[in-house]
Amino acid sequence: MIHITLPDGKTVTYPKGITPIEVARGISEGLARNVISARFNNRKVETVTPLETDGSLVLYTWNDEEGKKTFWHSSSHVLAQALEMLYPGIKLTIGPAIDNGFYYDVDFMDHTVSEKDFPAIEQKAMEIARGKHEFKMREVSKADALSYYEDHENQYKVELIENLEDGEITFCDHDTFTDLCRGGHIPNTGIIKAFKVLNVAGAYWRGDENRPQLTRVYGISFPKQKELTNYLHLLEEAKKRDHRKLGKELELFTFSQKVGQGLPLWLPKGAALRERLEDFLKKAQKKAGYEMVVSPHIGQKELYVTSGHYAKYGEDSFQPIHTPKQDEEFLLKPMNCPHHCEIYNARPYSYRELPKRFAEFGTVYRYEQSGELHGLTRVRGFTQDDAHIFCTHEQLDQEFKEVIDLSLYVLTSLGFDNYTAQVSVRDPETPEKYIGSVENWERAEAAIINAAREKEMNFEIVPGEAAFYGPKLDFMVKDALGRKWQLGTIQVDYNLPERFDLTYKGSDNETHRPVMIHRAPFGSMERFVALLLEHTGGNFPLWLTPVQAMILPVSEKHEKYAQKVLKSMENCEIRALVDARSETVGKKIRETEMQKLPFMLIVGDQEMDQGTVSVRRHGGEDLGAQSVEAFSDLVKNEINSTLKRFKEV
RNA sequence: GCCGACGUAGCUCAGGGGUAGAGCGUUUCCUUGGUAAGGAAGAGGUCACGGGUUCAAUUCCCGUCGUUGGCUCCA
C-alpha cells in the first residue's frame with residue numbers, strides 16, 4: 001500500500017500501482033471525467049502512470065493552467081499526426097504548448113501549406129481525436145531512439161536526442177503515431193472536441209537564422225466546441241481594439257508610403273492627445289525636480305563612437321549624413337543619452353548639486369528590421385519621454401524609488417493597473433559580459449529589488465537580461481491580443497559616465513564618477529498611445545480625450561445658441577465642438593457615439609429658452625437638461641476623481 | 001532581413017482573361033429635425049508599381065514596394 005497526499009492535505013491509502021485517474025475516480029466520477037493531467041511529487045506524470053511510492057498528488061482539469069498546457073501539448077501530437085498523414089515525408093521538429101494553444105515546427109520539404117489547407121488539417125485532426133486513442137509513454141534507449149529517427153532521415157530529432165542523456169529518453173505513442181516526448185498528456189485524444197489551425201509562419205530551427213527555416217503551424221483546441229466559438233469571438237473583439245484600426249477611425253495617426261515605412265504621421269487629434277500626455281508628465285516631472293533640456297536630432301558620428309553605440313549598431317542602422325565638407329559625418333540620433341551626457345559636461349558639479357535630472361521629449365531614429373515594424377508599437381522614428389538622472393552612488397537607492405513612484409503614477413493615472421514588472425540583473429555565469437565593479441552592480445541590483453519590494457510591485461527577477469552597462473526595471477503591458485510590450489523602463493548605467501568622463505566634486509574635495517539613470521515612464525509616445533488605445537478601446541480617460549463634448553444643435557435655428565454654449569465651454573476649459581451640419585439629431589448622435597466622445601450636449605428650443613444643455617453620456621445614458629455650470633462641474637469632478645496630482649495619489 | 005498571406009474608390013469590402021461594383025463618406029439639392037442612419041441626384045478608380053505570357057491582363061506568372069501573422073532582432 002502507498003500513501004497519497006492530496007492538495008487539501010488529506011492523505012489516503014491506495015494499493016501500489018494505482019494511477020492518478022483512478023485516484024480521481026475514488027474522489028468522484030465527475031472529477032475522473034475532467035482530469036486531464038497530474039503531478040506526482042512535483043513531477044509531471046501521465047494520468048495513467050502507476051504510482052509506486054508515497055507522495056503528493058495534484059490533479060489538473062481544463063480550468064487549471066497546467067491542465068490547459070497538457071491539453072494543448074497533446075493536441076500538438078494530434079496536429080503532427082494529421083500533418084504527417086496529409087503530407088507524407090515531412091520532418092517534424094518540436095511542438096510545444098504556448099499561452100494560447102500550441103504550434104508544431106515542421107520541415108515541409110517540397111510541400112507548401114497555406115490557409116486553404118487548414119480545413120483539411122482540422123478535419124484530419126478531428127478524425128484522429130474522435131478515435132479516442134490513448135497516449136502511451138515508453139522509455140527508449142538513446143541508441144534505439146537515434147536509429148529510429150535516422151531511419152526516418154529526421155536530422156532534427158536526431159539532433160535533439162543527441163543532446164539528451166541515455167535513460168531519460170521517452171517516446172509517446174498514440175494510434176499509429178510516435179513522437180519523441182518528455183511526457184504529460186491527456187488520457188486520450190477523444191477529449192479534444194474542437195480543433196482549429198490558426199495560422200502558419202516561418203521559424204528558424206532552434207531560433208537561429210543561419211539554420212534551416214521551418215514552417216510553424218499554430219493551432220488551438222478545446223474540450224468543448226462552444227469554447228472554440230467563444231475564443232474566436234474573443235479574437236474578433238480584440239481586432240476591434242487594434243490600435244491601427246482605432247487610430248485610423250479616430251483620425252489620430254497615419255502612415256504614408258512616400259514618407260517611409262515605420263515613420264508615423266500624427267494627425268491633429270493624435271497630436272493634441274500626445275501633447276496632453278506630454279503636459280501631464282511635464283507637470284509631474286517638474287514637481288519631481290526634473291529640468292527640461294533640448295537637444296538636436298543629429299549629432300556628429302564621433303559622439304556615438306564615444307558612447308559606444310556606433311560600434312554596436314552603426315552598421316545596421318541609418319547610415320551617416322555627409323556634408324560638402326570632407327570627412328564630416330553626422331548620425332540621426334538613435335538615443336538621447338549621449339547628448340544629455342554632454343549637457344552634464346557643460347560645467348563642473350559639486351556633490352551638493354546632485355542629483356541633476358535632465359528631461360526631454362526626444363525624437364530618435366532607429367533602423368528597425370522591416371519585418372518587425374508594427375503599427376505604432378514598433379517604428380523607426382519615435383519620441384521617448386526620456387530623462388537622465390546623474391547622481392552619487394549613495395543617492396541611487398532613493399532616486400530609483402522616486403522614479404518608480406513617477407512610473408507608477410503614470411501607469412495608474414492612465415488605467416494600466418495590470419502591468420507586470422521585470423527586474424533584469426546580471427547572469428552570474430558570465431561576469432565578463434558586464435562593465436562596472438562587482439560592488440556597484442550588487443548595490444544597484446539590491447537597490448532595484450528593494451525598491452520594487454517596497455513599492456509592493458508585482459515583479460519577476462530575470463537573470464542575464466540586464467544590459468551590459470547596468471541592471472534595469474521594465475514595465476510590461478499586454479496588447480489586445482495578449483502580446484507583451486515594454487512600456488516604461490528604468491536603467492542604471494555605469495558605462496556612459498565612464499565613456500563621457502562625467503565627474504563631480506565630492507565632500508572630500510576629490511573628483512568622483514556619478515551614476516546615471518535612464519528612465520522613460522511612457523517608454524515612447526508612439527508605443528504608449530498604441531497600448532492605451534488597445535486598453536481603452538478608444539474610450540480615453542476624460543481628461544485626456546481629444547474632444548470631451550460635442551454640441552448638437554437640433555436644427556439650424558439653434559446653431560447660434562450652440563456657438564454660445566461652445567464659448568462657455570471654452571471658458572470652462574472644456575474641449576468641445578459644434579456639429580452644425582444639416583443632419584438629423586439621430587444621425588449626429590450616432591456618429592458622435594462612433595467617435596467615442598464622452599459627452600453630447602443637445603440644444604434645441606427648450607434648452608435655448610432655459611439656458612441649459614441636455615447631456616447624453618457616451619453609451620446612451622441621459623443626464624437630462626442642466627446649466628452649463630452644472631455640466632462643467634460634472635466634468636471637473638469626473639476628471640479630478642481619476643486624475644490625481646503627482647505625490648497626491 | 002527570412003517564411004507565409006494580402007494590396008480593387010477617402011473608408012470597409014465584393015468581383016473576375018474582353019479596361020469594374022456595393023455600403024459608408026464626399027459634393028449639390030430638398031428636408032429643419034429631440035437621443036444610434038430623412039430623401040434625391042452627381043462626382044470619384046492606369047484595380048500598389050514594373051516586367052512577362054496572351055489577339056486581349058485589374059484578373060495568370062515573375063520582380064519591386066507596402067501592409068500583415070510569425071521568426072530573428074530590439075539602444
Side-chain angles (χ1 to χ4, degrees), chain A residues 98 103 105 108 112-117 198-218 242 244-245 248-249 251 254-262 304 307-310 312-314 316-317 333-338 364-375 377-380 382 384 386 467-469 472 481 483 485-486 489 491 493 495-496 518 520 524 552-559 581-595 600-607 614-625:
Chain A
I98 51 177
Y103 66 79
D105 279 352
F108 272 94
T112 55
V113 176
S114 73
E115 245 164 84
K116 298 181 222 40
D117 308 308
L198 294 171
N199 54 33
V200 288
Y204 300 106
W205 170 234
R206 313 228 99 176
D208 183 344
E209 62 181 317
N210 299 314
R211 308 201 61 180
Q213 185 154 26
L214 309 168
T215 304
R216 179 166 296 179
V217 183
Y218 285 89
D242 189 316
R244 294 165 298 189
K245 179 177 149 71
K248 196 180 278 182
E249 285 171 3
E251 295 178 4
T254 189
F255 289 88
S256 145
Q257 267 201 48
K258 275 212 180 74
V259 173
Q261 57 178 161
Y304 306 102
S307 71
H309 292 111
Y310 186 77
K312 210 167 174 205
Y313 302 105
D316 302 320
S317 198
K333 164 164 87 174
M335 72 282 301
N336 304 297
C337 346
V364 297
Y365 301 90
R366 302 176 183 180
Y367 188 75
E368 305 290 358
Q369 292 187 58
S370 61
E372 190 54 43
L373 300 173
H374 180 96
T377 50
R378 197 75 194 276
V379 289
R380 284 179 170 168
F382 58 98
Q384 296 179 311
D386 214 353
F468 72 94
Y469 52 76
K472 58 177 183 168
L481 282 171
R483 293 174 294 208
W485 292 94
Q486 178 200 315
T489 180
Q491 309 182 2
D493 189 344
N495 179 42
L496 288 184
H518 308 250
S524 79
L552 307 179
V554 172
S555 80
E556 258 167 40
K557 58 180 192 270
H558 310 113
E559 199 188 322
R581 294 174 308 159
S582 163
E583 297 289 351
T584 60
V585 180
K587 181 152 183 168
K588 290 180 188 175
I589 288 173
R590 178 182 155 81
E591 290 183 3
T592 311
E593 282 288 349
M594 292 198 301
Q595 283 292 306
M600 278 157 257
L601 307 180
I602 292 137
V603 291
D605 286 337
Q606 239 177 46
E607 290 76 14
S614 280
V615 182
R616 175 193 161 111
R617 197 190 279 279
H618 173 63
E621 192 190 350
D622 188 352
L623 302 180

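Naming: A, B, ... by sequence-line order, numbering from 1 per chain.
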Q: Give the nucleotide from the list rU32(B), rG66(B), rG69(B) with an atom nearest to the side chain of Arg244(A).
A: rG69(B)
Q. Is His374(A) touching bases, backbone alone, or none of the nucleic acid, heavy atoms closer than 4.0 Å?
A. sugar-phosphate
Q. Once you round it to whole Å, what is the distance between P of rU68(B) and CD of Gln261(A)?
A. 9 Å
Q. OP1 or OP2 of rU35(B) sitting under 4.0 Å from any side-chain N/O of Arg617(A)?
A. no
Q.
Between rU64(B) and rU26(B), how far apart are the two P atoms, rounded to whole Å?
A. 40 Å
Q: Whole angstrom is fine here: how far is it from CD in Gln369(A) over to P in rC74(B)?
A: 9 Å
Q) Between rA14(B) and rU8(B), how far is it from one P atom to the other, in whole Å? A) 10 Å
**Q.** Nearest heavy atoms of Tyr218(A) and Ala201(A), plus distance in Å
**A.** CE1-CB, 4.2 Å
Q. Which residue, Glu591(A) or Gln491(A), contacts RNA chain B at a nucleotide closer to its 5' end, judged by nearest heavy atom?
A. Glu591(A)
Q: Name the nucleic acid region contacted by Gln606(A), choosing base, sugar-phosphate or nothing; use a 4.0 angstrom heavy-atom cut-off, strictly under.
A: base
Q. Is any side-chain heavy atom of Val364(A) closer than 4.5 Å to a side-chain heavy atom of Pro334(A)?
A. no
Q) Among the nucleotides rG34(B), rG33(B), rU26(B), which one has an atom lying closest to any side-chain atom of Arg581(A)? A) rU26(B)
Q) If you count the non-hydrogen atoms of other residues, nucleotides and ligands that lie under 6.0 Å from CZ in Phe468(A), is the total more than 12? A) yes
Q.
Nearest to the side chain of Ser555(A), heavy atoms from C-beta on, is which of rG33(B), rA37(B), rU35(B)?
A. rG33(B)
Q: Just name whichever nucleotide pairs with rC11(B), Watson-Crick or G-U, keeping both distances under 3.5 Å, else none.
A: rG23(B)
Q. Under 4.0 Å between a side-chain N or O of Lys248(A) and OP1 or OP2 of rU12(B)?
A. yes
Q | Between rC3(B) and rC62(B) - P atom distance, rounded Å | A | 14 Å
Q: May I ask you to verify if any side-chain N or O of Arg211(A) is less than 4.0 angstrom from the OP1 or OP2 atom of rC71(B)?
A: no
Q | Donor-acceptor pair under 3.5 Å, Tyr204(A) side chain vs rG1(B) base | A | yes
Q) If you check every side-chain atom of Arg378(A), which of rA36(B), rG34(B), rC74(B) has the closest atom? A) rC74(B)
Q.
Distance check, P atoms only: rG44(B) and rA22(B), in whole angstrom units.
A. 14 Å
(Q) Measuring only the C1' atom in each nucleotide, how far is rG15(B) from rC65(B)? A whole number of Å is fine. (A) 25 Å
Q) Below 4.0 angstrom from OP1 or OP2 of rG25(B), is there any side-chain N or O of Lys587(A)? A) yes
Q. Quick one: Glu621(A) CD to rA36(B) P, roughly how many Å, whole number?
A. 14 Å
Q. Among rG69(B), rG33(B), rA75(B), which nucleotide sits nearest the side chain of Pro334(A)?
A. rA75(B)
Q) Any idea which of rG34(B), rA75(B), rG70(B) is nearest the Met335(A) side chain? A) rA75(B)
Q | Nucleotide nearest Glu583(A) when distance is taken to its side chain, options rA75(B), rG1(B), rG38(B) | A | rG38(B)
Q: Name the closest nucleotide to the Glu593(A) side chain, picking from rA36(B), rU32(B), rG25(B).
A: rA36(B)
**Q.** Integer angstrom distance from the P of rU54(B) to that of rU59(B)
**A.** 16 Å
Q. For rA36(B), does either OP1 or OP2 sit under 4.0 Å from a side-chain N or O belonging to Arg616(A)?
A. yes
Q: Looking at every strand, decide which applies to Gly375(A) at a 4.0 Å heavy-atom threshold: base, sugar-phosphate, or nothing.
A: sugar-phosphate
(Q) Donor-acceptor check, side chain of Lys588(A) to backbone of Val554(A), threshold 3.5 angstrom: yes or no? (A) no
(Q) Does Tyr103(A) reach a base, just sugar-phosphate, or nothing at all? Heavy atoms under 4.0 Å. (A) nothing
**Q.** Minimal non-hydrogen separation, Lys333(A) against Tyr304(A), with atom names
**A.** CA-OH, 3.5 Å
Q: Return yes if the base of rU31(B) and the side-chain atoms of Ser582(A) contain a donor-acceptor N/O pair under 3.5 Å, otherwise no.
A: yes
Q. If we call it a pair only when both distances are under 3.5 Å in a Watson-Crick or G-U wobble match, what pairs with rA40(B)?
A. rU28(B)
**Q.** Any N/O donor-acceptor pair, Gln213(A) side-chain to rG4(B) base, under 3.5 Å
**A.** no
Q | Residue matched to rC60(B) through Watson-Crick or wobble contacts both under 3.5 angstrom | A | rG52(B)
Q. With distance as the sole test, does Glu593(A) use its side chain to make a donor-acceptor pair with the main-chain N or O of His618(A) at under 3.5 Å?
A. no
Q: Name the nucleic acid region contacted by Val585(A), choosing base, sugar-phosphate or nothing; use a 4.0 angstrom heavy-atom cut-off, strictly under.
A: sugar-phosphate
Q. For rG4(B), which nucleotide is its Watson-Crick or G-U wobble mate, given both distances must be under 3.5 Å?
A. rU68(B)
Q) Quick one: the side chain of Arg366(A) and the base of rC74(B), do they pair up donor-acceptor inside 3.5 Å? A) no
Q: Please work out if Gly371(A) contacts a base, only the sugar-phosphate, or nothing of the nucleic acid, heavy-atom cut-off 4.0 Å.
A: base
Q. Once you round it to whole Å, what is the distance between C1' of rC74(B) and OH of Tyr367(A)?
A. 15 Å
Q. When only distance counts, do a donor and an acceptor, one from the side chain of Glu368(A) and one from the base of rC74(B), lie under 3.5 Å apart?
A. no
**Q.** Between rC74(B) (C1') and Arg380(A) (CZ): distance, integer Å
**A.** 13 Å
Q. Between Arg590(A) and Glu583(A), is there a side-chain N and carboxylate O pair less than 4.0 Å apart?
A. no
Q: Indicate, with a heavy-atom threshold strictly under 4.0 Å, whether Thr215(A) touches base, sugar-phosphate, or nothing.
A: nothing
Q: Report yes if some heavy atom in the side chain of Leu552(A) is under 4.5 Å from a heavy atom in the side chain of Ile589(A); otherwise report no.
A: yes
Q) Now, which nucleotide makes the Watson-Crick or G-U wobble pair with rU35(B), with each of the two distances under 3.5 Å? A) none
Q: Write down the distance between NZ (Lys245(A)) and P (rG10(B)), rounded to a whole number of angstrom.
A: 19 Å
Q. Distance between the P atoms of rC61(B) and rU67(B), in whole angstroms?
A. 23 Å
(Q) What's Gly207(A) touching, base or sugar-phosphate or nothing? Going by heavy atoms closer than 4.0 Å. (A) sugar-phosphate
**Q.** Lys258(A) side-chain N/O to rC65(B) phosphate OP1/OP2 under 4.0 Å
**A.** no
**Q.** Arg244(A) and Asp242(A) ion-paired at < 4.0 Å
**A.** yes
Q.
Does Ala201(A) reach a base, just sugar-phosphate, or nothing at all? Heavy atoms under 4.0 Å.
A. base
(Q) When you measure from the centre of the six-membered ring of Tyr365(A), is the NZ or CZ of Arg380(A) closer than 6.0 Å and no more than 45° off the axis? (A) no
(Q) Using atom C1' in both nucleotides, what's the gap between rC6(B) and rC47(B) to the nearest angstrom? (A) 14 Å
(Q) What is the separation between atom CG on Asp208(A) and atom P on rC3(B), rounded to the nearest whole Å? (A) 16 Å
Q: Provide, to the nearest angstrom, the distance between the CG atom belonging to Asn199(A) and the C1' atom belonging to rC3(B).
A: 12 Å
